[in-house]
Amino acid sequence: MEKEEITPSEWQIMEVLWASDEPLTSSEVYKRMQGSVDMSQRMVRVLMNRLNSKDILGYTVDEHDSRVYHYYVQKPKDECVKEKSRRFVDNYFSGSGTNAMTALLQSFVLTDEQIKELEEILESSKERRNESPDKEW
């Protein structure tokens, strides 16, 4: 069964947790989000529980108050971005990474520095392909 995708609201919560060096309570996440998003404290708690059920967040119970949960990241941002990118390519480009990259590259004017960076990424992709030829995007 395919894992549930992170919703945009859940992603906003994850941005706060990915930026933190330590576990946070839902109240702490809510305080850090105030002013940047329109979300109630109750909604933050609900979304954090959903993220926990998706195995993206884990938690420990506070040793002094069993009603307080300290949430920590179980899935790093780069892994979530890869999954989101994969779904995007599957949904909009019939799984063709080449078509997706072509469409994106044709949408922007790139600087020489950006072109050089992309060339390095392509070179790295060639090396990874040679290491495991059965994996394709």
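Model, not experiment: these values are computed from the prediction.
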(request) Measure across Gly58 and Asn52 and return the closest heavy-atom pair with its distance rounded to 0.1 Å. (result) CA-ND2, 3.7 Å
(request) Please check if atom CD in Glu113 has more than 12 non-hydrogen atoms from other residues, nucleotides or ligands closer than 6.0 Å. (result) no
(message) List the residues meeting ring pair (Phe, Tyr, Trp, His ring centres under 6.0 Å) with Tyr92, not counting sequence neighbours, and say none if there are none.
(response) Phe88
(message) For residues Met101 and Leu122: do they belong to one hydrophobic cluster (side chain heavy atoms under 4.5 Å, members Ile, Leu, Val, Met, Phe, Trp, Tyr)?
(response) no
(message) Is there a continuous path of hydrophobic side-chain contacts, each under 4.5 Å between heavy atoms, that joins Trp18 to Ile13?
(response) yes
(request) Please identify each residue that fulfils salt bridge (charged side-chain N to carboxylate O under 4.0 Å, His left out) with Arg67, with sequence neighbours left out. (result) Asp65
(request) Could you tell me whether the side chain of Thr60 reaches within less than 4.5 Å of the side chain of Pro23, counting heavy atoms only? (result) no
(message) Is there a side chain to side chain contact (heavy atoms under 4.5 Å, CB included) between Glu10 and Glu5? Walk through the geometry before answering.
(response) CA-CA 10 Å; Glu10 291 169 342; Glu5 190 170 349; over 6 Å; no
(request) Please name all residues satisfying side chain to side chain contact (heavy atoms under 4.5 Å, CB included) with Glu63, sequence neighbours left out, ordered by chain then number. (result) none
Check residues 41-50 and write down every donor-acceptor pair under 3.5 Å in which the side-chain atom is one partner and the other belongs to a residue at least two apart or another chain.
{"from": "Gln41", "atom 1": "NE2", "to": "Ser27", "atom 2": "OG", "distance (Å)": "2.8"}
{"from": "Asn49", "atom 1": "OD1", "to": "Tyr71", "atom 2": "OH", "distance (Å)": "2.9"}
{"from": "Asn49", "atom 1": "ND2", "to": "Arg45", "atom 2": "O", "distance (Å)": "3.3"}

(message) How long is the straight-line distance from CD of Gln12 back to OG1 of Thr7, given to the nearest 0.5 Å?
(response) 8.5 Å
(message) Distance check, rounded to the nearest 0.5 Å: Gln74 atom CD versus Leu51 atom CG?
(response) 10.5 Å
Exercise answer: donor-acceptor pairs, residues 29-37 side-chain atoms, under 3.5 Å, sequence neighbours excluded:
{"from": "Tyr30", "atom 1": "OH", "to": "Gln34", "atom 2": "NE2", "distance (Å)": "3.4"}
{"from": "Ser36", "atom 1": "OG", "to": "Met33", "atom 2": "O", "distance (Å)": "2.7"}

(request) Tell me yes or no: between the side chains of Arg129 and Ser125, is some donor less than 3.5 Å from an acceptor? (result) no
(request) Would you give the length of the straight line joining atom CG of Asp112 to atom NZ of Lys116, rounded to the nearest 0.5 angstrom? (result) 11.0 Å
(message) Would you compute the distance between atom OH of Tyr69 and atom OG1 of Thr25 and round it to the nearest 0.5 angstrom?
(response) 13.0 Å
(request) Considering only Ile, Leu, Val, Met, Phe, Trp and Tyr, and joining two whenever side-chain heavy atoms are under 4.5 Å apart, list the other residues clustered with Ile121. (result) Leu105, Phe108, Leu110, Ile115, Leu118
(request) Working to the nearest 0.5 Å, report the span between CD of Glu123 and CD of Glu127. (result) 6.0 Å
(message) A quick test of your reading: do over 12 heavy atoms of other residues, nucleotides or ligands sit less than 6.0 Å from CG of Asp38?
(response) no
(request) List the atom of Ala100, the atom of Val89, and the distance in Å for their closest heavy-atom pair. (result) CB-CG2, 3.7 Å
(request) Kindly determine whether Asp55 and Lys75 satisfy side chain to side chain contact (heavy atoms under 4.5 Å, CB included), including the steps that lead there. (result) CA-CA 8 Å; Asp55 293 328; Lys75 187 178 273 191; over 6 Å; no
(request) Output the distance between atom NZ (Lys126) and atom CZ (Arg128), rounded to the nearest 0.5 Å. (result) 12.5 Å
(request) State, to 0.1 Å, how close Val73 and Met14 come at their nearest heavy-atom pair, and which atoms those are. (result) CG2-CE, 4.1 Å
(message) For a 4.5 angstrom cut-off between non-hydrogen side-chain atoms, does Val81 reach Trp11?
(response) yes
(message) In the structure I gave you, are the side-chain heavy atoms of Glu83 and Glu79 within less than 4.5 Å of one another anywhere?
(response) yes
(message) Using only atom types and a distance under 3.5 Å, with no angle test, would you say the side chain of Ser107 pairs donor to acceptor with the backbone of Ala103?
(response) yes
